[in-house]
Amino acid sequence: MKKYEFSKIEKRWQTEWKKTGIYEPSLKSTKTAKRKPFYNLMMFPYPSAEGLHVGNMYAFVGSDIYGRFKRMGGYDVFEPIGLDGFGIHSENYAIKVGTHPLKQSKVSEKRFYKQLEMIGNGFAWNEHLETYDPEYYRWTQWVFIAMWKRGLAYRKKQAVNWCPSCKTVLADEQVVGGACERCSSVVIKKELEQWSFRITRYADRLLKNLDHIDWSERVKIAQRNWIGKSEGAEINFKIANSEHVLKVFTTRPDTLFGATYMVVAPEHEIISKLKSQISNYSEVEKYVKISKEKSEEERVENKEKTGIELKGIKAINPANKKEIPIFAADYVLSGYGTGAIMAVPAHDERDFDFAKKFKLPIVVVISDGKTVEPLTEAYIGDGELINSGPLNGLSVEDAKKKITNYVGGTFTTQFRLRDWIVSRQRYWSPPIPMMYCEACARVGKGEQKEMPGWYAEKEKNLPVLLPMVKEFRPKGKDESPLASVKSFYKVGCPVCGGGARRETDVSDTFLDSAWYFLRYPSVQDRKSAWNNEITKKWLPVHMYIGGAEHSVLHLLYSRFITMVFKDAGLIDFEEPFTRFRAHGLLIKEGAKMSKSKGNVVNPDEYIKRFGADTLRTNLMFLAPFEQGGDFRDAGIVGVARFIERVWRLGQTVIEHKNKKPTCERAIHKAIKKVTEDIESLQYNTAISALMICLNEIENKEVSVAEFQMFLQLLAPFAPHMTEELWFGLGNKKSIHISEWPVYDPKKIVEENFVLVVQINGKVRATIEVPRGISENDAKKIAMSQDGIKKMINGIEIKKIIFVPNRLINLVI
RNA sequence: GCCCAGAUGGCGGAACGGUAUACGCGCAACACUUAAAAUGUUGUGACCCAACGGUCUUGUGGGUUCGAAUCCCACUCUGGGCACCA
């Protein structure tokens with residue numbers, strides 16, 4: 001009997017597959033109607049660490065199994081691979097190991113691709129892409145310009161998140177709990193001029209489409225929360241003895257009669273506008289300065305509210321015409337709504353805290369009839385209007401409409417989502433392809449009225465190459481290292497011919513990955529970002545698998561970019577991923593695998609010891625794919641035994657070549673279960689079904705045809721071993737392009753079943769009886785059982801519940 | 001604080017409202033072996049019993065039902081997301 005030499009077998013088939021190109025789809029030819037295209041995508045990795053750990057492998061293998069299943073299901077499957085190697089994470093890694101990112105990227109590339117090949121995935125290697133390849137980022141820059149041309153990219157001075165350790169600006173989405181998502185340093189606020197994308201313009205659509213796309217529910221919920229839509233009203237409050245008004249946004253206009261003071265954000269323009277009327281201006285100024293310097297974390301951490309009254313000015317409550325004080329306080333955010341609120345302490349927790357501290361009046365205007373004054377906490381529930389003049393007795397809903405119209409307010413919608421800040425003051429990213437000419441700016445020339453002096457690089461001049469800079473480390477001067485490379489930033493103005501300056505900031509890594517799925521099928525196309533014909537055939541992506549940690553970053557940005565291109569008429573779909581599933585996280589001893597924790601499991605050792613097929617199958621057998629779980633090697637021997645047993649059975653089948661079917665029921669049952677389970681990504685139960693099947697067929701002289709079907713079912717999990725046996729059985733074409741078996745329902749039906757006899761819902765006996773037995777016959781057989789007879793013993797049977805082909809329950 | 005997911009043997013985990021604990025690990029006994037490993041066979045939720053058999057058991061407490069791990073209500077714990085968003 002031939003020994004199972006997995007390392008030889010695996011290496012041989014990996015080479016053979018590459019040679020025969022069975023994983024290369026026909027990307028171009030539109031007339032190959034025979035096999036329908038299926039774009040099976042897995043989030044590409046960023047090669048920041050020493051290599052892929054077993055957690056990464058878990059995700060890749062899970063995606064590959066689905067792709068292989070679809071390929072055998074008759075689809076022309078496109079499963080590309082690449083590296084998200086541009087960006088801060090790769091740059092930081094290069095700094096850590098003391099080399100240049102350009103050099104490091106070549107090393108990482110080799111290592112990653114080798115590892116990805118060893119695991120045996122069916123990648124279309126011809127279409128690989130790397131985000132740091134000028135042939136790729138040339139089009140990333142083109143995407144930036146496309147945004148600019150449509151008025152969706154703008155540069156503005158604003159308060160931004162700054163990571164003092166990474167020495168760069170971060171997008172809102174990259175700040176986690178007031179800290180940098182990358183290095184966990186506390187993020188501070190800085191006033192800087194930055195490029196942003198107007199993602200807020202698409203907020204409504206990004207939200208609405210979530211209702212009809214087939215995505216993991218938890219990711220949709222995360223996006224909904226992030227976009228954060230609230231419906232409310234904008235209401236103007238007049239400032240007494242002044243022409244000025246203070247506009248607020250509120251979701252509770254019904255509580256207007258309870259608004260006993262107002263609060264503006266420290267950054268609010270009213271403070272400087274009414275400077276001369278504010279009697280304590282110097283104190284106010286001090287407070288504003290302090291709160292601006294506070295980090296996001298400090299503002300939040302300090303639950304104790306701070307603030308200062310703007311003395312000398314008062315606002316008029318438009319509902320009851322009473323004069324109320326105005327405060328500046330940093331619990332009101334400048335970036336949300338109008339940056340000013342009407343404070344209703346009786347019905348808002350934050351206003352309540354503030355009112356208590358500053359001894360401000362609390363007027364209850366909503367009551368559920370049980371209200372006891374004075375309140376000990378804000379009442380935010382539903383009820384009936386009181387103390388509200390003409391609104392008294394109305395419901396909250398009715399009052400909202402009535403009062404808003406009465407005071408001349410407008411109903412509006414607010415989103416939590418902010419624009420996406422894309423400038424980064426780092427090195428290892430695509431330069432932003434823009435130029436600025438001061439002379440043009442002075443006379444108001446430029447490509448866009450709002451931003452005189454700015455020009456985009458001409459398309460034919462792309463890419464704007466990232467120059468080789470030895471001192472690439474961030475200097476922390478609010479600018480990229482490119483700002484000290486004169487040969488890079490000194491350019492001629494494309495319009496007046498004078499001296500212009502190139503933008504020296506680079507773009508966010510998430511821009512690289514926001515459109516890569518469009519590039520993959522068109523990688524060979526050097527003339528455009530994507531080829532229309534190919535894109536029409538292959539996109540949108542049919543199945544996308546990746547980590548849930550990208551819910552509000554990559555996945556939201558990709559949807560945004562896709563919508564923009566749809567509106568520009570450049571593509572004909574507006575959602576990039578038809579189906580998205582988040583894989584679970586593979587953890588180690590309860591903690592996420594990470595280099596810093598030192599709990600990373602290297603897959604290479606396991607491949608060496610057990611082979612890729614065993615590792616793949618073990619990873620998928622551990623836990624449900626969408627749930628993830630704890631990686632232990634305790635169970636891997638069980639899977640290794642299983643694979644070995646299949647191999648040995650295979651040798652016997654090859655020897656005997658039995659033709660007579662002996663295991664039809666077991667095989668067809670397995671076909672049904674495995675097919676259904678793979679389709680719903682329940683790989684663990686699919687494998688268990690294969691184990692059950694093997695237990696049954698192992699000692700039954702299974703026929704060649706039956707065993708081949710078994711191999712096909714196992715092929716997505718253990719592609720090398722099954723291929724070896726497949727050819728051993730005399731097949732001439734790869735098992736991976738063979739046709740997935742179909743089960744015959746007639747062959748699954750059993751003649752008998754085990755009838756469960758219950759008394760009062762408790763199992764008292766089990767009897768094997770023929771399928772389709774009638775209620776009456778079942779009753780007779782049940783009653784004839786000794787144990788049952790004894791228990792009934794003359795007691796009246798009140799009711800009989802009979803579930804055909806399952807059970808009979810006697811109620812006494 | 002709000003939203004989401006989850007809690008099942010010694011462990012990872014299975015179970016359209018219908019035999020809870022499939023499959024695998026581990027453990028035990030046996031076979032093979034001079035011996036061990038490997039492999040194979042059998043057993044393996046807890047408690048009571050000499051045995052036949054019985055009782056209990058899916059985080060906790062209630063409810064609906066002939067019947068609940070599964071549906072409903074309340075609570076505890078764990079993981080994840082959001083968080084001064086008016």
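If you're wondering where the values come from, they're calculated on a predicted model, not measured in any experiment. A, B, ... follow the sequence lines: proteins, then strands. Residue 1 opens every chain.
Taking the syn range as angles within 90° of 0, the glycosidic angle of G9(B) is syn.
For the pair Tyr331(A) and A86(B), the criterion of a side-chain N or O lying under 4.0 Å from OP1 or OP2 is not met. Between Asn618(A) and G24(B) there is no side-chain polar atom (N or O) within less than 4.0 angstrom of OP1 or OP2. Neither OP1 nor OP2 of A20(B) sits under 4.0 Å from any side-chain N or O of Lys762(A). The side chain of Arg416(A) places an N or O atom within less than 4.0 Å of a non-bridging phosphate oxygen (OP1 or OP2) of A83(B). Under 4.0 angstrom from either OP1 or OP2 of G40(B) there lies at least one side-chain N or O belonging to Arg648(A). Note on Ser230(A): a side-chain N or O is less than 4.0 Å away from OP1 or OP2 of A86(B).
With rounding to whole Å, Ile687(A) atom CD1 is found 15 Å from A22(B) atom C1'. Straight-line distance from the CZ atom of Arg418(A) to the C1' atom of A83(B): 12 Å, rounded to whole Å. Taking atom CD1 of residue Ile587(A) and atom C1' of nucleotide G79(B), one finds them 9 Å apart after rounding to whole Å. Computed from coordinates, the Lys669(A) NZ to A22(B) C1' distance equals 12 Å when rounded to whole Å. Distance, Phe621(A) CZ to G24(B) P: 7 Å, rounded to whole Å. Summarising the geometry, the separation between CZ on Phe631(A) and P on G12(B) is reported as 15 Å, rounded to the nearest angstrom. Atom CD in Glu217(A) sits roughly 16 Å away from atom P in C3(B) (whole-Å rounding). Taking atom CG of residue Leu585(A) and atom P of nucleotide A5(B), one finds them 18 Å apart after rounding to whole Å.
Rounded to a whole angstrom, the distance from the C1' atom of G17(B) to that of C66(B) is 12 Å. Spacing between G13(B) and A69(B) at atom C1', rounded to whole Å, works out to 14 Å. Taking atom C1' on both nucleotides, C23(B) is separated from A68(B) by 24 Å, rounded to a whole Å. Remark: the separation of the P atoms in U21(B) and G59(B) is 16 Å, to the nearest Å. Taking the P atom of each, A14(B) and G67(B) are spaced 28 Å apart, rounded to whole Å. G24(B) and G40(B) have their P atoms separated by 11 Å, with the value rounded to a whole Å. With P as the reference atom, A31(B) and A35(B) are 11 Å apart, rounded to whole Å. Spacing between G80(B) and G26(B) at atom C1', rounded to whole Å, works out to 31 Å.
Of the residues in residues 635-642 of chain A, those placing a heavy atom less than 4.0 Å from an atom of RNA chain B are Val637(A), Gly638(A), Arg641(A), in numerical order.
Base engagement by Ile341(A) is indicated by at least one non-hydrogen atom pair under 4.0 Å involving a base atom. Here Leu807(A) lies in heavy-atom contact (under 4.0 Å) with a base. Among the protein residues, Val811(A) comes within range of the sugar-phosphate backbone only, with heavy atoms under 4.0 Å from sugar or phosphate atoms but none that close to a base. Val754(A) comes within 4.0 angstrom of a nucleotide base, judged by non-hydrogen atoms across all strands. Using a 4.0 Å heavy-atom criterion, one finds that Ile221(A) contacts the sugar-phosphate atoms exclusively. Residue Asp351(A) is classed as having no contact, given no heavy-atom separation below 4.0 Å to the nucleic acid.
A donor-acceptor contact under 3.5 Å links the side chain of Asn809(A) to the base of C66(B). In the interface, the side chain of Lys798(A) is not paired with the base of C66(B) through any donor and acceptor atom under 3.5 Å apart. Counting atom types as modelled, Gln627(A) pairs no side-chain N or O with a base atom of G6(B) as donor and acceptor under 3.5 Å.
Within the 4.5 Å cutoff, no side-chain heavy atoms of Leu810(A) are placed close to those of Gln758(A).
Of the residues near RNA chain B, Leu417(A) and Lys673(A), the one whose nearest nucleotide (by heavy atom distance) lies more toward the 5' end is Lys673(A). Each of Glu698(A) and Glu349(A) lies near RNA chain B, and the nucleotide nearest Glu349(A) is the one positioned closer to the 5' end.
The aromatic rings of Tyr4(A) and Trp647(A) sit tilted relative to each other, their planes meeting at an angle between 30° and 60°. Ring pair His583(A)/Phe625(A) is tilted by interplanar angle, where 30° to 60° counts as tilted. Between Tyr331(A) and Phe354(A), the angle of the ring planes lies from 30° to 60°, which puts this pair in the tilted group. Relative ring orientation between His554(A) and His550(A) is described as perpendicular, the plane-to-plane angle rising above 60° on a 0-90° scale split at 30° and 60°.
Around CD of Glu701(A), the count of heavy atoms belonging to other residues, nucleotides or ligands within 6.0 Å does not exceed 12.
Between Met691(A) and Phe621(A), the shortest heavy-atom contact is SD-CZ, 3.9 Å.
Judged purely by distance below 3.5 Å, without hydrogens or angles, the side chains of Arg764(A) and Asn809(A) never pair a donor atom with an acceptor atom. Between the side chains of Tyr287(A) and Thr306(A), at least one donor-acceptor pair of N or O atoms lies under 3.5 Å.
Closest to the Trp226(A) side chain, of the nucleotides C82(B), C23(B), A14(B), is C82(B).
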Less than 3.5 Å apart, which donor and acceptor atoms pair up between the side chains of residues 222-236 of chain A and the rest of the protein, not counting sequence neighbours?
| unit_1 | atom_1 | unit_2 | atom_2 | d |
| --- | --- | --- | --- | --- |
| Gln223(A) | OE1 | Arg559(A) | NH1 | 2.7 |
| Gln223(A) | NE2 | Ser551(A) | O | 2.7 |
| Arg224(A) | NH2 | Asp211(A) | OD1 | 3.2 |
| Trp226(A) | NE1 | Glu173(A) | OE2 | 3.1 |
| Lys229(A) | NZ | Asp204(A) | OD1 | 3.3 |
| Ser230(A) | OG | Tyr336(A) | OH | 3.0 |

